[in-house]
Number of protein chains: 2
Amino acid sequence: MPQTQPRPDAASGPALSGEVVSGSVPYDLIELLFFAYRDFVGGPDLILAEYGFGRAHHRVLHFVLRRPGLTIAELLDILKITKQSLNRVLKELVETGFVEQRTGVQDKRQRHLHATGSGQDLALRLVQLQAKRINEALGHLAPEAAQTVALYLAGLIDPAERHKVLGFLAAPR
Amino acid sequence: MPQTQPRPDAASGPALSGEVVSGSVPYDLIELLFFAYRDFVGGPDLILAEYGFGRAHHRVLHFVLRRPGLTIAELLDILKITKQSLNRVLKELVETGFVEQRTGVQDKRQRHLHATGSGQDLALRLVQLQAKRINEALGHLAPEAAQTVALYLAGLIDPAERHKVLGFLAAPR
DNA sequence: AATTTACGTCAGTGATGTTGACATATCTCA
DNA sequence: TGAGATATGTCAACATCACTGACGTAAATT
C-alpha cells in the first residue's frame, strides 16, 4: 500500500522561499509516476514493434486520430519536438499507409493529417490497451478518483502550457 | 450526484471530467499522463544538462540516494535496462565523483553504490524541484488526493511488478 | 574442482531526439 | 506587383539512451 507524505499545510509551511523541507518530499509519488509511465507505454511498445514502429509513431498516430485534420504545426506544438524529428516518423507512417496528408484548401501550404483505415485500426488497438489498464486501476477506486487524478496530472503540467493542454482535452471530439 | 467535496478551483480553465464509463476510452487520462510526465521530467533535464548528464543519470542517482548501498543487480531490476546501458551512465557518475562504488564485505563480487556529497547535493536539488511541482499540484486538491493518486498510479504498474515496486516504496529510508 | 553468480567491457545497431542550413511553395501586405 | 513572412520538406551531423551478442574475471557455491 503506497504511503503518502502528509499534505503540505500552506499556513505552517515556509513563508518566503517556497523551499521544500526534506521531510516533505513525496518520494512515493515521484517514483510511482516513473514506474507507472514505464509500464503504461510498455504494452503498446510491444504491439508497435510488430509494425516496425516505436513510441514516436504511436504519439503521432494517437494525436492524428484525436484531431483529424491536424496540421504539422499544430502537431509540433503538441509533441514539443522539432520538425525534423517529426518528419522522420511521419514520413514512415505516410509511406506505410497509416496516415494520410491532405493539402489545405484555404491555405495550400498546410498539410492536414488524417488516419487511414488501418491507421485507425492500429490506434484503436493501442488505445484500448491503455484504456483497459486505466479502467482496471480506476475500478479499485472511488468514482471520483478519475477526476482527482485528472486534476493532479493537470497540475503537474507546466503552468505556461496548462491552459493550452486543457483546451485541447476539452475540445469536442 | 451531489458534490460532497468542494471543488477548490474550477475557474482556471476547461473542466476535466476524468469520467470513465465501462468500456469507454478515457482520452483525457491517457493524454494527461503524457503531458504531465513530459513536463515533470523536463525541469530536471535542464539542471542535468549543466553537468553534462541526462535522464538516465538522474534515475541512477535518484535510486542510489533512495537506497544507499544498492547493488548493481538490484538497480538493474528497478530500472529494467541492460547492464551495458547502466554501465555507461554509472561509469560517468563514478568518474565525475557523484557516485561511489564499494566492494561488498560479505560478497566481494558485489558493488554497493553510494552517493558522494556532491551526488547528494545534485540529487536533492532535482528531487526538490519535483517535490515542489507535486506539492503545488496537491495543494489545489483535497487532502486525500495524494493517496488516491498513489493508488491510481500503482494500479497502472504491471501486476507482476506491482508487489515488488510497492515493497520498494514501503521500505524504510 | 567444476559450475554459477556478479560484474565489467568491447563492438555494433537502432530509435529518438537535437542544431544548423537551405529549398520550395504559398500567403500576406504595402 | 513585388517583398517578405509562413508552412513545410530535406540534408547532414551529432548526442543520448536503449538494445543484442560475445567474452572476461573474480568470487561464491556446490
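Worth saying up front: this structure is predicted, and the values here are computed from it rather than measured.
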Looking only at side-chain N and O atoms, does [X] come under 4.0 Å of OP1 or OP2 in [N]?
X        : N      : answer
A/His57  : C/dA15 : no
A/Gln101 : D/dG9  : yes
A/Ser85  : C/dT18 : yes
B/Arg88  : C/dC10 : no

Closest to the [X] side chain: [options]?
X        : options                : result
A/Ile81  : D/dC17, C/dT18, D/dA28 : C/dT18
B/Arg55  : C/dA21, D/dC17, C/dG17 : D/dC17
B/Arg109 : C/dA21, C/dG8, D/dA27  : D/dA27

Practice prompt. Mind running ring-ring contact (aromatic ring centres under 6.0 Å, His included) on B/Tyr152 and A/Tyr152 for me, showing each step along the way?
Written response: CA-CA 11 Å; B/Tyr152 171 75; A/Tyr152 171 75; 9.5 Å; no
Item to complete: Using the closest heavy atom to pick a nucleotide of DNA chain C for each, name whichever of A/Gly54 or A/Val105 lands nearer the 5' end.
Response: A/Gly54
Worksheet item: Which sits closer to the 5' end of DNA chain C, B/Lys91 or A/Thr82, going by the nucleotide each is nearest to?
Response: B/Lys91
Practice prompt. Could you tell me whether the side chain of A/Ile72 reaches within less than 4.5 Å of the side chain of A/Lys83, counting heavy atoms only?
Written response: no
Worksheet entry | Upstream residue (5' side of DNA chain D) when B/Val89 and B/Lys83 are each assigned their closest nucleotide | B/Val89
Fill in: NZ/A/Lys132: more than 12 non-hydrogen atoms of other groups inside 6.0 Å
no
